[in-house]
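See structure below.
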Amino acid sequence: MNKRLTFLVVALLVSATTFAQNTTPATGKTFGGRNQYKTFSIGVNAGVLSPVVLIGGSNDYKNWGADFGYGVYLRKQLGHVFGLQGNLLLGDLSGDNTDAPGGVIGNYKSFKTKIAYGVDLRGVFNLASINFLNRTNAINFTGTLGYGLLAYAPSYVNASNATVDWKGMATDGKDYIKEAFIPIGVGAKFKVSECVSFNLDYTMNFVDADNLDARYANSNDKFAYGSVGIEFALGSKSKPNLIWANPVATAYDELKDNSLKSEVLDLKSRTKKVEDTVTDLKKDSDGDGVADHLDKCPNTPSTVKVDGAGCPLNVITK
């Protein structure tokens, strides 16, 4: 298992170096929408599966194994902070009672479970996208929560050293039992380039069943997956990656943009011209209530009644 994992990690690192791009993409615009960014990414990972999680709780076996697991995922970033990710996980789980008296608890010495697949949909929360301290992020932290379906086939070795395989014991007579599970995880993402990132993830998976390890112990089973992986952003090279975009820096750049300043100054100049024109149109030099540009009889005394053209009215007095 260690050789396989080491080989895969090296292969992932080589892939990251190969696909890393130095091209600087265009900067996004505030309120410019998702289309200006790369929002889809695909990733692969490999790591260790174990029938125990960090938050503790009882386990059905004294000792837990560390087995090889691997997976792939597709991610859609919906905003700077939140995205949706579909995951596929495969691998094995194992444990034993070597440290128990006689190496047996009940009729169980050890177990091994093959995970045919675990598929789930998760919400992914970027915890460091909005950064007021630095313009760009080289590290991003994530939290995930989802819901999925796990297909697995457990087997165990009993006190007589006989292997009992649960294949074919599922309710539908199939080889694999299928149960719902809830994945909850945390991770760290390291930026290799705008299109490539190196990931470290830890996920606790809570299964809605008590037979993942082939033993019923009156509590639902759980398992963990710690992995390393590589993620590749999909889309045009000219677009920035939404996962790494800092909206604070984008807004600041727009405020400091000289072209924007020029547009504002030009707008102020045009507004001033309009205001001056309006002032000129309202000008009434003789004070007769008719603007100069309409006044056909300028210099009419303000005490004289005038018509719409600014000329004196012939008032008949009795």
Side-chain angles (χ1 to χ4, degrees), residues 1-20 40-55 59 64-77 83-95 112-128 138-152 181-193 195-207 212-213 221-234 243-244:
M1 184 272 291
N2 291 334
K3 290 183 178 179
R4 293 169 63 191
L5 180 58
T6 301
F7 175 78
L8 188 52
V9 170
V10 171
L12 292 176
L13 291 175
V14 171
S15 298
T17 303
T18 302
F19 284 93
F40 278 101
S41 58
I42 187 170
V44 293
N45 52 58
V48 175
L49 283 165
S50 59
V52 62
V53 295
L54 283 179
I55 62 172
N59 293 307
W64 52 271
D67 294 274
F68 181 68
Y70 56 99
V72 297
Y73 63 86
L74 178 66
R75 179 173 176 177
K76 169 67 173 178
Q77 194 67 22
L84 289 174
Q85 183 171 300
N87 300 271
L88 172 65
L89 173 67
L90 304 96
D92 298 298
L93 290 167
S94 66
K112 190 172 185 65
T113 297
K114 176 178 177 56
I115 297 178
Y117 61 83
V119 292
D120 68 80
L121 180 65
R122 301 179 199 177
V124 182
F125 300 88
N126 288 342
L127 306 180
I139 302 176
N140 206 339
F141 299 98
T142 60
T144 62
L145 175 65
Y147 185 84
L149 179 68
L150 189 71
Y152 55 94
F181 75 103
I182 295 175
I184 301 174
V186 293
K189 188 182 299 291
F190 302 89
K191 186 176 183 180
V192 178
S193 75
C195 297
V196 181
S197 62
F198 175 70
N199 303 336
L200 295 176
D201 294 287
Y202 178 80
T203 305
M204 298 180 293
N205 301 279
F206 299 87
V207 184
L212 182 63
D213 54 13
D221 291 324
K222 48 195 173 292
F223 68 97
Y225 179 48
S227 66
V228 297
I230 292 293
E231 183 174 323
F232 302 94
L234 306 177
I243 291 176
W244 296 107

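When reading the values below, keep in mind they use all heavy atoms of this one structure, side chains included, and skip hydrogens, waters and symmetry mates.
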What heavy-atom pair brings [X] and [Y] nearest, and what distance separates the two atoms?
{"X": "Ile182", "Y": "Gly146", "result": "CG2-O, 3.4 Å"}
{"X": "Gly65", "Y": "Ser50", "result": "O-CB, 3.4 Å"}
{"X": "Thr203", "Y": "Pro183", "result": "CG2-CB, 3.8 Å"}
{"X": "Leu54", "Y": "Tyr202", "result": "N-OH, 3.1 Å"}

Requested in this report: Test side chain to side chain contact (heavy atoms under 4.5 Å, CB included) on Lys222 and Val52 and set out the steps.
Outcome: CA-CA 6 Å; Lys222 48 195 173 292; Val52 62; over 6 Å; no
Once rounded to the nearest 0.5 Å, what's the spacing between atom [atom1] of [X] and atom [atom2] of [Y]?
{"X": "Asn199", "Y": "Ile230", "atom1": "CG", "atom2": "CD1", "result": "7.0 Å"}
{"X": "Ile243", "Y": "Arg75", "atom1": "CD1", "atom2": "CZ", "result": "4.0 Å"}
{"X": "Ser193", "Y": "Trp244", "atom1": "OG", "atom2": "CH2", "result": "10.0 Å"}
{"X": "Thr144", "Y": "Leu84", "atom1": "OG1", "atom2": "CG", "result": "12.0 Å"}
{"X": "Trp64", "Y": "Phe223", "atom1": "CH2", "atom2": "CZ", "result": "14.5 Å"}
{"X": "Asn140", "Y": "Ser197", "atom1": "CG", "atom2": "OG", "result": "9.5 Å"}

Query raised in the report: Around atom CZ of Phe190, are there more than 12 heavy atoms of other residues, nucleotides or ligands at under 6.0 Å?
Result: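 Enclosed.
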Is the closest side-chain heavy-atom distance between [X] and [Y] below 4.5 Å?
{"X": "Leu93", "Y": "Asp213", "value": "no"}
{"X": "Met204", "Y": "Ile55", "value": "yes"}
{"X": "Leu150", "Y": "Tyr117", "value": "no"}

Has the side chain of [X] got a donor or acceptor atom that lies under 3.5 Å from a matching backbone atom of [Y]?
{"X": "Asn205", "Y": "Ala224", "result": "no"}
{"X": "Asn87", "Y": "Gln85", "result": "yes"}
{"X": "Ser41", "Y": "Glu231", "result": "no"}
{"X": "Asp221", "Y": "Leu212", "result": "yes"}
{"X": "Tyr73", "Y": "Leu89", "result": "no"}

Query raised in the report: side chain to side chain contact (heavy atoms under 4.5 Å, CB included) between Leu200 and Phe198: does it pass, once the steps are laid out?
Result: CA-CA 7 Å; Leu200 295 176; Phe198 175 70; 4.2 Å; yes
Query raised in the report: Does a donor on one side chain sit under 3.5 Å from an acceptor on the other, for Ser94 and Asp67?
Result: yes
Query raised in the report: Going by atom types only, do Tyr225 and Asn45 share a side-chain donor-acceptor pair under 3.5 Å?
Result: yes
**Report entry** Test log, rule side chain to side chain contact (heavy atoms under 4.5 Å, CB included), inputs Leu90 and Ile115
**Finding:** CA-CA 6 Å; Leu90 304 96; Ile115 297 178; 5.6 Å; no
Query raised in the report: Under the side chain to side chain contact (heavy atoms under 4.5 Å, CB included) criterion, do Asp92 and Leu49 qualify, and how do the steps go?
Result: CA-CA 7 Å; Asp92 298 298; Leu49 283 165; 5.8 Å; no
